[in-house]
*Asks:* 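Quick one: structure below, then a few questions.
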Amino acid sequence: MLQLNYIRENKEDVLKRLAIKNFKDAETIINKVIDLDTNRRAVQKQTDDVKAEANALAKQIGELMKSGKKEEAESIKAKTADLKGKEKTFDDDLKTIEQEIHALLVLIPNLPHISVPTGKTPEDNLNIYEHGTIPTLHDGAIPHWELAAKYDLIDFELGVKLTGAGFPVYKGKGARLQRALQNFFLDKATAMGYMEVQPPIMVNEDSGFGTGQLPDKEGQMYHCTVDNLYLIPTAEVPITNIYRDVILKESDLPIMNCGYTPCFRREAGSYGKDVRGLNRLHQFDKVEIVQIAHPDKSYGILENMREYVASLLKDLELPFRTLKLCGGDMSFASALTYDMEVYSTAQKRWLEVSSVSNFESFQTNRLKCRFKGADGKTVLAHSLNGSALAFPRILASILENNQTPEGIKIPKALVPYAGFEMIS
RNA sequence: GGAGAAAUGGCAGAGCGGUCGAAUGCGGCAGUCUUGAAAACUGUUGAAGGUAACACUUCCGGGGGUUCGAAUCCCUCUUUCUCCGCCA
């Protein structure tokens with residue numbers, strides 16, 4: 001959520017940057033917000049004045065009662081009746097205006113960073129870095145879903161029986177590889193200085209709002225209506241919400257957390273080759289890294305996070321590229337996002353395995369996550385997060401890129417965790 | 001799930017219809033003293049809106065109500081604690 005003050009004072013800049021995100025009706029909505037805000041302050045002034053008057057009278061009555069001047073007190077009481085009605089009207093007006101402003105603010109996406117390339121589709125993303133060589137596979141190389149069946153690593157049909165499509169069952173070495181990835185990623189993150197947390201995987205409405213999933217992305221989350229809880233789509237939600245309604249000390253920053261959780265996504269509207277095998281699941285596992293940072297440092301930290309994720313992919317010996325997302329392909333809440341994509345040789349396509357973003361104060365404004373600066377003022381912190389990493393597509397590309405006629409070779413870094421070097 | 005008790009500032013903890021944004025202690029910050037530190041002493045120390053700055057307004061778990069006036073009374077929800085039940 002953008003800050004009202006910022007919109008008021010930097011209207012032109014806001015409009016310019018919203019255009020990069022291809023946000024329609026920007027001018028109409030922004031103008032409306034500014035008008036409502038002007039109105040809000042006027043009504044608030046009226047409300048406050050009436051309340052001040054009523055407070056003063058109430059005080060007088062108190063003093064008169066104490067000194068036994070009952071009649072005088074009664075005559076003042078009569079005056080307050082009128083104020084009471086006014087107070088109620090103004091209060092209601094104010095509430096309505098505030099709701100209207102909030103309803104509009106929630107529709108406005110975050111402003112992209114000045115370096116974000118313009119563009120509308122993934123084709124407009126900027127490829128800023130490539131690493132590794134795409135392996136040449138032997139004749140008869142097959143995609144991971146066939147490898148999974150051949151070596152009995154993942155049973156998609158069994159998942160359908162138990163739950164439905166998109167809920168695979170990992171078996172034997174497949175399950176062990178999942179566990180290896182979890183420990184490998186968590187160990188790496190901890191060594192980088194991230195503190196591991198194990199949060200709940202269901203969250204309440206406030207948490208869903210805090211990181212921006214609610215209200216607009218409601219349909220993407222599994223909702224347990226009986227208890228009004230949501231299954232998390234990413235550990236970003238519970239971990240970032242740790243810092244909801246918190247005023248940090250400047251010396252606490254940056255806060256670095258990591259956590260492993262299963263993630264649940266309804267993925268309504270997905271179909272075809274996108275959802276084949278491990279490409280897109282309803283339940284998957286991920287280690288997430290989250291930082292709460294000083295606004296002056298957040299872009300430096302974003303680069304560190306990007307490099308950290310790249311180092312994981314290098315450790316796993318996977319060919320990958322890094323994209324700087326264009327305005328049109330960025331998420332609602334992000335100010336700058338890097339996507340990391342691994343090349344899946346058997347599918348002959350790039351698979352997104354990580355997304356690293358700086359949200360600046362967009363989330364923290366909703367979360368009310370602030371810190372006290374040197375001058376004693378409270379300032380919104382910046383929040384950042386990244387996948388480090390999501391398991392399914394990593395597993396898919398390891399299986400596909402490392403297949404040989406003899407079996408599948410496990411990357412060296414993962415061998416101590418997996419406990420085996422080959423799947424054959 | 002049943003019965004009872006409670007929820008106040010960073011923490012502990014008073015206040016139970018007006019003078020309360022809230023005593024006191026601890027913690028934090030600044031200063032005095034000191035070569036420096038500790039101790040002691042002095043001062044200061046919640047958040048939001050609003051203003052050029054004041055003023056002013058709101059917030060004592062959330063929501064609603066009674067009253068001229070609510071941290072204090074009533075209703076409701078949530079959470080915590082104790083006892084019972086169930087249980088990985």
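Bear in mind that the values here come from a model prediction, so they are computed numbers and not experimental data. Computed from heavy atoms alone, side chains included, the values below leave out hydrogens, waters and symmetry copies. Reminder, nothing fancy here: chain letters follow the sequence lines and each chain counts from 1.
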*Asks:* Does Asp49(A) use its side chain to pair, donor to acceptor, with the backbone of Gln46(A) at less than 3.5 Å?
*Replies:*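 Checking the backbone N and O of Gln46(A) against the side chain of Asp49(A), no donor-acceptor pair under 3.5 Å is found.
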*Asks:* Taking pairing as Watson-Crick or G-U wobble with both contacts under 3.5 Å, can you name the mate of rU78(B), or confirm there isn't one?
*Replies:* rA7(B)
*Asks:* Between rG64(B), rA48(B), rG69(B), which one does the side chain of Ala58(A) approach most closely?
*Replies:*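 Closest nucleotide among those given: rG69(B).
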*Asks:* Look at the side-chain N and O atoms of Arg370(A) and state whether any lies under 4.0 Å from the OP1 or OP2 oxygen of rA47(B).
*Replies:* no
*Asks:* With a 3.5 Å limit on both atom pairs, tell me what rC86(B) is paired to, counting Watson-Crick and G-U wobble, or say none.
*Replies:* none
*Asks:* Both distances under 3.5 Å, Watson-Crick or G-U wobble: report the partner of rC41(B), or none.
*Replies:* rG31(B)
*Asks:* Using OP1 and OP2 only, check whether a side-chain N or O of Lys88(A) sits under 4.0 Å from rG65(B).
*Replies:*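 No, because none of the side-chain N or O atoms of Lys88(A) sits under 4.0 Å from OP1 or OP2 of rG65(B).
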*Asks:* Name the residue closer to the 5' end of RNA chain B, choosing between Lys45(A) and Ile61(A) according to the nucleotide with the nearest heavy atom.
*Replies:*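 Here Lys45(A) is the residue nearer the 5' end.
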*Asks:* Given atom NZ of Lys372(A) and atom P of rU44(B), what is their separation to the nearest angstrom?
*Replies:*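 Taking NZ of Lys372(A) and P of rU44(B), I get 17 Å after rounding.
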*Asks:* If you assign each of Asp49(A) and Ile247(A) to its closest nucleotide in RNA chain B, which residue comes earlier from the 5' end?
*Replies:*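 First, find each residue's nearest nucleotide; the 5'-ward one identifies Ile247(A).
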*Asks:* Counting only Watson-Crick or G-U wobble pairs whose two distances fall under 3.5 Å, which nucleotide matches rC54(B)?
*Replies:*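 Base partner found: none.
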*Asks:* Distance check, P atoms only: rG10(B) and rC74(B), in whole angstrom units.
*Replies:*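 rG10(B) and rC74(B) have their P atoms separated by 27 Å.
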*Asks:* Round to the nearest Å and state the distance from Lys51(A) atom NZ to rG21(B) atom C1'.
*Replies:* 16 Å
*Asks:* Determine which nucleotide pairs with rG46(B), using a 3.5 Å limit on both distances of a Watson-Crick or G-U wobble pair.
*Replies:*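 rG46(B) is paired, partner rC59(B).
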*Asks:* Can you check the distance between rU34(B) and rG49(B), where both ends of the measurement are the C1' atom (answer in whole Å)?
*Replies:* 46 Å
*Asks:* Scan Ile239(A), Thr240(A), Ile232(A) and name whichever one has a side-chain contact (heavy atoms from CB on, under 4.5 Å) with Glu236(A).
*Replies:* Thr240(A)
*Asks:* Can you figure out which of rC68(B), rG50(B), rG49(B) approaches the side chain of Asp48(A) most closely?
*Replies:*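 Comparing rC68(B), rG50(B), rG49(B) against the side chain of Asp48(A), the answer is rG49(B).
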*Asks:* Applying a 3.5 Å limit to both distances, which nucleotide forms a Watson-Crick or G-U wobble pair with rC20(B)?
*Replies:*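 No nucleotide pairs with rC20(B).
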*Asks:* Among rU67(B), rA48(B), rU57(B), find the nucleotide with the atom closest to the side chain of Lys84(A).
*Replies:* rU67(B)
*Asks:* Compare side-chain N and O positions of Thr378(A) against OP1 and OP2 of rA48(B) and report whether any pair is under 4.0 Å apart.
*Replies:* yes
*Asks:* Kindly confirm or rule out a cation-pi arrangement of Arg179(A) over Tyr417(A), judged by NZ or CZ under 6.0 Å from the six-membered ring centre and within 45° of its axis?
*Replies:* no
*Asks:* Does any donor-acceptor pair link the side chain of Asn55(A) with the base of rG69(B) at a separation under 3.5 Å?
*Replies:* no
*Asks:* Between Glu98(A) and Lys95(A), does any NZ, NE, NH1 or NH2 come within less than 4.0 Å of an OD or OE carboxylate oxygen?
*Replies:*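 Result for this pair is no, no salt bridge flagged.
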*Asks:* Taking the six-membered ring of Phe420(A) (Phe, Tyr or Trp), confirm whether the NZ or CZ of Lys173(A) is under 6.0 Å from its centre and within 45° of its axis.
*Replies:* yes
